[in-house]
J.: 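Before we start, here is the structure in question, set down as structure tokens.
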Protein chains: 2
Amino acid sequence: MNRASSLHAPTFSPLYRQIKQLIMGNLESGEWGPGDAIPSESELAGRFGVSQGTVRKAIDEMAAENLLVRQQGKGTFVATHKDPGSAFRFLRLVPNDGVPQVSQSIPLECWRAKAGPDVARTLALEPGAPITILRRLLKLGDEPVVFDEIYLSSELFPDLSLEVVRAGDSLYGLFESRYGVCMVRADERLRAVAADRVSAELLQVAEGSPLLVVERVTFTYGRKPVEWRRGFYSTRNHHYRNELG
Amino acid sequence: MNRASSLHAPTFSPLYRQIKQLIMGNLESGEWGPGDAIPSESELAGRFGVSQGTVRKAIDEMAAENLLVRQQGKGTFVATHKDPGSAFRFLRLVPNDGVPQVSQSIPLECWRAKAGPDVARTLALEPGAPITILRRLLKLGDEPVVFDEIYLSSELFPDLSLEVVRAGDSLYGLFESRYGVCMVRADERLRAVAADRVSAELLQVAEGSPLLVVERVTFTYGRKPVEWRRGFYSTRNHHYRNELG
DNA sequence: TAGTGGTCTAGACCACCCA
DNA sequence: GGGTGGTCTAGACCACTAC
């Protein structure tokens with residue numbers, strides 16, 4: 001293990017960050033898949049030729065970023081969306097009264113298209129690259145609350161179809177198990193807009209009534225963008241919850 | 001320093017968390033104010049009778065929570081909203097085109113009232129306790145984008161008035177320097193609504209056009225709620241930015 | 001040069017899980 | 001009982017800041 005590049009190198013990074021990058025490499029390459037246990041801290045320390053504390057600090061950061069999950073006495077595991085508890089990590093919509101509700105995802109349409117300049121840019125694809133577009137409705141306890149339009153690279157998600165989506169569990173769980181793509185981070189942009197006819201009908205609100213629009217770019221390991229979606233949220237009985245620290 | 005309460009005590013907490021609580025106590029009591037340097041790690045280690053590494057871990061957590069700010073070679077400082085860079089930590093509204101704009105806060109009204117049941121509950125006050133209500137408009141580069149209505153305990157913020165607000169810098173900076181109340185965390189709830197006449201006029205949009213409503217409860221040290229506000233955000237040329245990890 | 005935070009190490013012991 | 005993560009220590013050295 002190199003002891004940094006020394007002497008004011010602008011690329012300096014401490015040992016534990018180099019270790020972190022090595023572990024990241026194993027995640028990106030899919031060597032350790034979602035839900036798997038990674039080797040123990042002492043095992044990794046030996047393998048990399050550093051002390052256990054240094055490996056620990058690397059894993060600390062990755063656990064803080066929700067890439068890994070530690071379990072005392074058992075081991076450290078690659079984070080997965082199948083794990084109940086982190087299954088709806090990215091859904092910030094909660095009922096106003098706080099009573100939890102069962103959620104139901106209803107796939108509506110799924111078709112192929114070519115990436116326009118905007119989608120190509122956000123997903124880092126060539127313009128005209130094949131993409132798959134999925135529309136779905138999310139119900140929380142019998143009430144339709146989110147209408148999503150989702151853009152994906154057809155290359156990354158080859159055989160995606162209504163049938164495939166219907167069969168799977170949560171969407172991100174499906175992406176993990178069927179395509180080996182694990183969603184790790186997302187950037188969202190929120191706006192208020194007036195409901196168009198389609199959204200209004202699906203969400204059972206009056207046309208022109210205010211809706212929350214949530215545009216999301218979702219990333220896998222290494223900040224690689226892999227999903228773009230636009231969601232129309234009905235905020236009659238729900239709200240988008242956010243914590244500022 | 002007690003070595004935890006031993007023997008399956010349900011209140012067990014590791015040494016570094018006990019140290020963290022001791023440091024928190026110094027923040028809550030105002031002994032170390034916003035912007036101040038706290039004693040060095042070794043100084044604190046000696047004072048508390050623990051090793052430097054343990055103090056370090058306590059400070060690590062507090063730095064991660066934006067309570068403290070470390071500066072290599074200089075020391076560790078109590079986080080402050082006066083520090084440019086963390087001055088607008090809680091404002092998530094950014095222009096669509098990404099070009100940063102100068103912001104201008106315009107106080108509109110300020111008056112006293114008695115806390116209704118809802119405000120009393122969110123601010124943990126007695127119903128009927130004296131509160132101060134402040135209305136203000138936020139402009140980003142000549143465009144009015146946020147209309148805020150802010151509820152505060154008159155006891156915590158005694159002589160708050162339009163004049164005081166006008167004189168001060170940012171609102172949270174003022175709260176720190178004048179009242180010794182440092183905003184540390186906030187919970188927000190977002191909804192889309194139709195603009196009423198007042199908001200529409202102030203934000204220069206058509207009545208009934210969609211606005212983003214942001215309800216925020218803001219906390220000081222120890223999760224004590226000290227501010228409740230409702231903001232109407234115009235999302236014509238701006239959006240609310242959020243990062244999901 | 002002295003003081004601060006930042007990194008790294010080696011080793012001890014504890015708490016937890018499982019066979 | 002053996003393996004895992006979690007805590008705590010003591011000491012060394014590096015990087016940065018200020019004087």
Side-chain angles (χ1 to χ4, degrees), chain A residues 1-23 32 35-79 83, chain B residues 1-23 32 35-79 83:
Chain A
M1 179 59 44
N2 282 331
R3 188 159 242 78
S5 334
S6 71
L7 236 25
H8 310 106
T11 53
F12 167 84
S13 81
L15 235 196
Y16 73 88
R17 273 195 199 284
Q18 301 177 38
I19 301 298
K20 183 181 173 184
Q21 287 314 310
L22 291 177
I23 298 175
W32 303 330
D36 291 356
I38 72 171
S40 75
E41 296 180 354
S42 48
E43 157 83 23
L44 290 173
R47 195 182 294 188
F48 295 141
V50 301
S51 89
Q52 187 176 347
T54 300
V55 171
R56 185 167 183 78
K57 185 147 188 181
I59 293 179
D60 273 345
E61 284 203 355
M62 299 179 70
E65 296 168 20
N66 295 307
L67 301 176
L68 298 176
V69 178
R70 317 181 96 129
Q71 282 183 249
Q72 183 170 163
K74 297 180 71 175
T76 302
F77 302 83
V78 181
D83 170 43
Chain B
M1 179 60 44
N2 282 332
R3 186 157 243 80
S5 333
S6 73
L7 235 27
H8 308 107
T11 53
F12 167 83
S13 80
L15 234 196
Y16 72 87
R17 272 194 199 282
Q18 301 176 39
I19 300 298
K20 182 180 172 185
Q21 287 314 310
L22 290 178
I23 298 176
W32 303 331
D36 290 357
I38 72 171
S40 75
E41 296 180 353
S42 48
E43 158 81 23
L44 290 173
R47 194 182 294 186
F48 295 140
V50 302
S51 88
Q52 187 176 347
T54 301
V55 171
R56 186 166 181 79
K57 185 147 188 181
I59 293 179
D60 273 345
E61 283 203 354
M62 299 179 70
E65 296 167 21
N66 295 306
L67 301 177
L68 299 176
V69 178
R70 316 182 97 129
Q71 283 183 249
Q72 183 170 161
K74 298 180 71 175
T76 302
F77 303 82
V78 181
D83 170 45

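Everything numeric in this text was worked out from a predicted model, so none of it was measured. Order of the sequence lines fixes the chain letters, A, B, ..., with proteins taken first and strands second; residue numbering starts at 1 for each chain.
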J.: State, yes or no, whether a side-chain contact exists between A/I38 and A/E43 at a heavy-atom distance under 4.5 Å.
T.: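 No - every pair of side-chain heavy atoms lies 4.5 Å or more apart.
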
J.: So do A/W32 and A/I23 actually touch side chain to side chain, heavy atoms under 4.5 Å?
T.: yes

J.: Given D/dT7, is OP1 or OP2 found less than 4.0 Å from the side-chain N or O atoms of B/T54?
T.: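 Negative; the distance criterion is not met.
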
J.: Just the rounded figure in Å: distance from P of D/dG5 to CD1 of A/I38.
T.: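 Distance check: A/I38 CD1 to D/dG5 P gives 7 Å.
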
J.: Between A/K74 (NZ) and D/dG2 (P), how many Å, whole number?
T.: 22 Å

J.: Ignoring the backbone of B/S51, work out which of D/dT4, D/dT9, D/dT17 is nearest its side chain.
T.: D/dT9

J.: When the distance from CD of A/Q71 to C1' of D/dG5 is rounded to whole Å, what number comes out?
T.: 11 Å

J.: Which residue lies toward the 5' end of DNA chain C, A/G73 or A/K57, if each is placed at its nearest nucleotide?
T.: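 That would be A/K57.
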
J.: Are any of B/S42's side-chain N or O atoms less than 4.0 Å away from OP1 or OP2 of C/dG3?
T.: no

J.: How many whole angstroms separate atom CZ of B/F12 from atom C1' of C/dC16?
T.: 12 Å

J.: Report the distance from atom CD of A/Q72 to atom P of D/dG5, rounded to the nearest whole Å.
T.: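 Those two atoms, CD and P, are 10 Å apart.
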
J.: Output the single nucleotide from D/dC8, C/dG5, D/dG5 whose closest atom is nearest the side chain of A/R70.
T.: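 Between D/dC8, C/dG5, D/dG5, the one nearest the side chain of A/R70 would be D/dG5.
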
J.: Measure from CD1 on B/I59 to P on C/dG6 and round the result to the nearest Å.
T.: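 Atom-to-atom, B/I59 to C/dG6, this comes out as 9 Å.
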
J.: Can you tell which of B/K57, B/R56, B/R47 makes a salt bridge (Lys or Arg N to Asp or Glu O under 4.0 Å) with B/E41?
T.: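 Considering B/K57, B/R56, B/R47, a salt bridge (Lys or Arg N to Asp or Glu O under 4.0 Å) with B/E41 is found only for B/R56.
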
J.: Closest to the B/R56 side chain: D/dT9, D/dT7, C/dG6?
T.: C/dG6

J.: Let me know the distance between CD of A/Q52 and P of C/dC8, rounded to the nearest Å.
T.: 15 Å

J.: Just compare D/dC8, C/dT7, C/dG6 and give me whichever is closest to any side-chain atom of B/L15.
T.: D/dC8

J.: Identify which nucleotide among D/dT9, C/dC8, D/dG5 has an atom closest to any side-chain atom of A/P14, counting heavy atoms from C-beta outward.
T.: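 Nearest to the side chain of A/P14 among the choices is C/dC8.
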
J.: A/E61: what forms a salt bridge (charged side-chain N to carboxylate O under 4.0 Å, His left out) with it, not counting sequence neighbours?
T.: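 Counting only residues at least two positions away or on another chain, A/E61 forms a salt bridge (charged side-chain N to carboxylate O under 4.0 Å, His left out) with A/R17, A/K20.
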
J.: Rounded to the Å, how far apart are B/Y16 OH and C/dC13 P?
T.: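 One finds 21 Å between P of C/dC13 and OH of B/Y16, rounded.
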
